[in-house]
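In what follows, every chain begins at residue 1, and chains take the letters A, B, ... in the order their sequences are listed. Every value quoted in this text rests on a predicted model; they were computed, and no experiment measured them.
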Amino acid sequence: MDTVVRFAPSPTGQVHIGNIRTAIFNWLFARHCGGCFLLRIEDTDLERSTRQAIDTLLECMEWLGLNFDGEIMYQTSQKEAHIKAAEQMTAKGLAYAAPAPEGGQSPIFFRIPWDCPDFTSIRETGPAELELHPETPVKIDFTGVGFSTVSKKGAPMPAAACLAGFRQMKLYDGAGNILFELEKNIDDILQGKQSFSINNCVKMTFMRREIFYQDIIKGELSKPLDGIKDLILIRGDGSPIFHLANVVDDITQNVTHIIRGDDHVENTYRHIMLFYALGRKAPEYAHLPMIVNSSGKPYSKRDGDAFVGDFRQKGFLAEALFNYLALLGWSPGDDREKMTKQEMIEAFTLERVKSAPAQLDSNKLLNMNGAYIAEMPFEKFVAYAGKFAGDFLNDKAGFEQVARLMQSRVKQFGQVATWKYFFSDDFPVDEKVFKKQLTPAEVRTALGFLAGELNTCGELTKEWLHTIISTAEESFGIPHGKLFQPLRLTVSGAAGGAELDETIMLIGGSRCAARILRLLEVYQKEVSSGE
RNA sequence: GUCCCUAUCGUCUAGAGGCCUAGGACACCGGGUUUUCAUCCCGGCAACGGGGGUUCGAAUCCCCCUGGGGAUGCCA
């Protein structure tokens, strides 16, 4: 059978970075196997799902190159199939209508199967014994078993689980007498004909059974049935719940591998049983570790950085973000990091995915982005940078000249905003560096001298600039090379930038001269007012 | 509370009992090239959470502890 995977997000706002990483892994896996990558939009939460969120999602996927196969499935369109599936299960005795809450309608519950000899995902693990709190009666009816165990301090600890978790269950009183045997009454209980409330139980014994499966990433995982409750399929208002919809849709779409976040591990046990109840073999599962923020916590709304749109807006390249995200929890096994999509597709296997959460390191992402930017074709770089230029793009030719100088220095297109000094005399000045650089009197004298020279010189050349700077250094007793920084600062307001000679040539001699004089004046004023 | 998952430099990771004196990358710190910025090159700092086993030998297997995460919904 061909491999089919799906990405099944809920469109309830921005696209989270962890979510899109799930999409990336699904996509890489599908492309690696030559399988299908489907998109299913789980929009059943009508209150939170919006068209805008769907558009945002689609935009993000397109931006990252996550092309999907076939048509989008909207989960709301499958509602009838979901309800039909629930009815089918009810008819077979695999589901039941539970007592309605006050004033409400009956929800439909899935019954964890009591008897399922052909279901190979459940096995016995051996006899179990539980100490019970005698003051809490053990309640047994067709929805399950409720009781209280005893805490270390002797307090009752309420617990409830499905009937199927307690095969061969016996309840005992303090003297060791058997008060109740589940097996003797099970038929009537399952049919809802009888329910029990047994007092003074101090001990329960039963045959523990567990459901298990092989997770491609996490290995064998299991959970005892006495820790699982029957689960709701259809709400009181008649709407299907996530678990049902999810499984039914996966059946409809013939999904063979489910790759999703870690937080679904616990759901998987119940989903596997739903597949069984619907007459299908469960697909393969692979649970991805979470992405956490720099303090090791899951991203919350405060970590604004966690949305794909934010990264795009700050000037990260889709290729870089894709590459970086793919490396969070996965590695090709050799020392490669910067990889093309094709290389990632070829190297990608789920077996190589780690199973511990990973922190997003914005430094490393920035570095990778810079590497991708550095190798962009120049025309593309200019076009991309232009989108971040704001109001100083007017001078198109000038912008291109600056861009040529800056490409190797940009790590994130948001930095394009700092190019302003090339085009406008109204630029920010790095205050701290400013004071430090202009403190020596001889530097200020030298700058004054340079301003004069720049003002009266004709056409600027690199040679002339270097000569005049050297001359200034020598004449005013400044160590070789130490005049560059103050000059850069007075000309551009920044401590870093492109080659200084080229920068000055682009800005122009007289303009630079004016800037130098202006900032020298500012310095004088600040010093005199400060003293 | 209970259950489950998880643990290698600050961060992402390599590591399948001997190839490990633990490798790579980012960050950081030196040095070189460039009279400045960035790139580039060279070097350095830096980790197997703790304790017990198993073994001739443990980062690797087992147990306990601790830390982190998740689940326990008529949310998805």
Side-chain angles (χ1 to χ4, degrees), chain A residues 8-12 42-45 47-49 75 98 100-101 104-109 149 151-153 155 157-161 215 217-219 221-224 226-229 231-243 245-246 261-267 269 287 289-290 292 294 296-298 324 327-338 352 354-368 370-371 374 405-411 466 469-470 473 479-489 492 494-503:
Chain A
S10 306
T12 56
E42 306 212 327
D43 53 351
T44 47
D45 187 340
E47 282 183 16
R48 292 194 298 154
S49 299
Q75 191 158 63
Q105 291 286 306
S106 274
I108 307 291
F109 271 75
T149 55
S151 77
K152 280 171 197 157
K153 289 175 187 165
M157 302 215 305
D215 192 286
I217 293 169
K218 292 183 172 294
L221 261 20
S222 63
K223 187 175 175 91
D226 52 297
I228 302 178
K229 287 190 227 174
L231 69 139
I232 188 159
L233 296 177
I234 307 280
R235 293 187 188 90
D237 67 4
S239 59
I241 213 125
F242 159 74
H243 303 288
N246 196 258
D262 232 350
D263 48 334
H264 282 295
V265 167
E266 295 278 324
N267 292 334
Y269 305 108
H287 286 98
M290 298 292 191
V292 294
S294 54
K297 300 282 178 203
Y324 179 75
L327 255 21
L328 235 41
W330 174 81
S331 78
D334 46 42
D335 287 335
R336 283 181 298 169
E337 292 201 329
K338 192 160 170 291
R352 288 206 56 84
K354 286 224 337 171
S355 105
Q359 279 185 25
L360 189 143
D361 179 1
S362 47
N363 260 328
K364 188 153 182 164
L365 171 60
L366 206 58
N367 180 276
M368 182 162 281
L405 241 44
M406 299 304 275
Q407 181 166 5
S408 70
R409 286 158 237 264
V410 175
K411 296 222 178 283
H466 284 257
I469 293 170
S470 291
E473 284 173 342
H480 201 46
K482 294 295 180 200
L483 196 49
F484 272 81
Q485 284 274 35
L487 181 56
R488 176 186 291 285
L489 193 86
S492 75
E499 288 86 351
L500 187 53
D501 46 12
E502 306 223 38
T503 304

* Comparing A358(A) and N267(A) on RNA chain B - which has the more 5′ nearest nucleotide -> A358(A)

Report, one pair per line, the protein and nucleotides 64-70 of chain B atoms (nitrogen or oxygen only) whose separation is under 3.5 Å.
{"unit_1": "G69(B)", "atom_1": "OP1", "unit_2": "K297(A)", "atom_2": "NZ", "d": "2.8"}

* Which part of the nucleic acid, if any, lies within contact of G329(A), taking any heavy atom under 4.0 Å across all strands shown: a base, the sugar-phosphate backbone alone, or nothing? -> sugar-phosphate

* **Pair partner, A7(B) [Watson-Crick or wobble, under 3.5 Å]** => U66(B)

* What is the nucleic acid contact for I241(A), judged by heavy atoms within less than 4.0 Å: base, sugar-phosphate only, or nothing? -> sugar-phosphate

* How would you label the contact of H466(A) with the nucleic acid (heavy atoms, under 4.0 Å): base, sugar-phosphate, or nothing? -> base

* Answer with base, sugar-phosphate or nothing: what part of the nucleic acid does L500(A) contact at a heavy-atom distance below 4.0 Å? => base

* Give one of base, sugar-phosphate or nothing for K229(A), where a contact means two heavy atoms less than 4.0 Å apart. => sugar-phosphate

* Asked: Which is true for G496(A) with a 4.0 Å heavy-atom rule: it touches a base, it touches only sugar-phosphate, or it touches nothing?
  -> sugar-phosphate

* Asked: Looking across every strand, which nucleic acid part, if any, lies under 4.0 Å from L221(A) by heavy atom: base, sugar-phosphate, or nothing?
  -> sugar-phosphate

* To do: Using the test side-chain contact (heavy atoms from CB on, under 4.5 Å), find all partners of V265(A) that sit at least two apart in sequence or belong to another chain.
  => Y213(A), K218(A), L221(A), D262(A), Y269(A), H287(A)

* Looking across every strand, which nucleic acid part, if any, lies under 4.0 Å from S331(A) by heavy atom: base, sugar-phosphate, or nothing? -> sugar-phosphate

* To do: Return the 5'-most residue of the pair Q485(A), D43(A) with respect to RNA chain B, ranking by each residue's nearest nucleotide.
  => Q485(A)

* Base, sugar-phosphate, or nothing for G227(A), non-hydrogen atoms under 4.0 angstrom? -> nothing

Please write out each protein N/O paired with an N/O of nucleotides 24-28 of chain B under 3.5 Å, distance rounded to 0.1 Å.
{"unit_1": "G24(B)", "atom_1": "N2", "unit_2": "E337(A)", "atom_2": "OE2", "d": "3.0"}
{"unit_1": "A25(B)", "atom_1": "O2'", "unit_2": "E337(A)", "atom_2": "OE1", "d": "2.5"}
{"unit_1": "A25(B)", "atom_1": "O2'", "unit_2": "K364(A)", "atom_2": "NZ", "d": "3.4"}
{"unit_1": "A25(B)", "atom_1": "N3", "unit_2": "K364(A)", "atom_2": "NZ", "d": "2.8"}
{"unit_1": "C26(B)", "atom_1": "O3'", "unit_2": "N367(A)", "atom_2": "ND2", "d": "3.2"}
{"unit_1": "C26(B)", "atom_1": "O2'", "unit_2": "K364(A)", "atom_2": "N", "d": "3.2"}
{"unit_1": "A27(B)", "atom_1": "OP1", "unit_2": "N367(A)", "atom_2": "ND2", "d": "3.3"}

* Report yes if a donor N or O on one partner sits less than 3.5 Å from an acceptor N or O on the other, where the partners are the side chain of S470(A) and the base of U35(B); otherwise report no. => yes

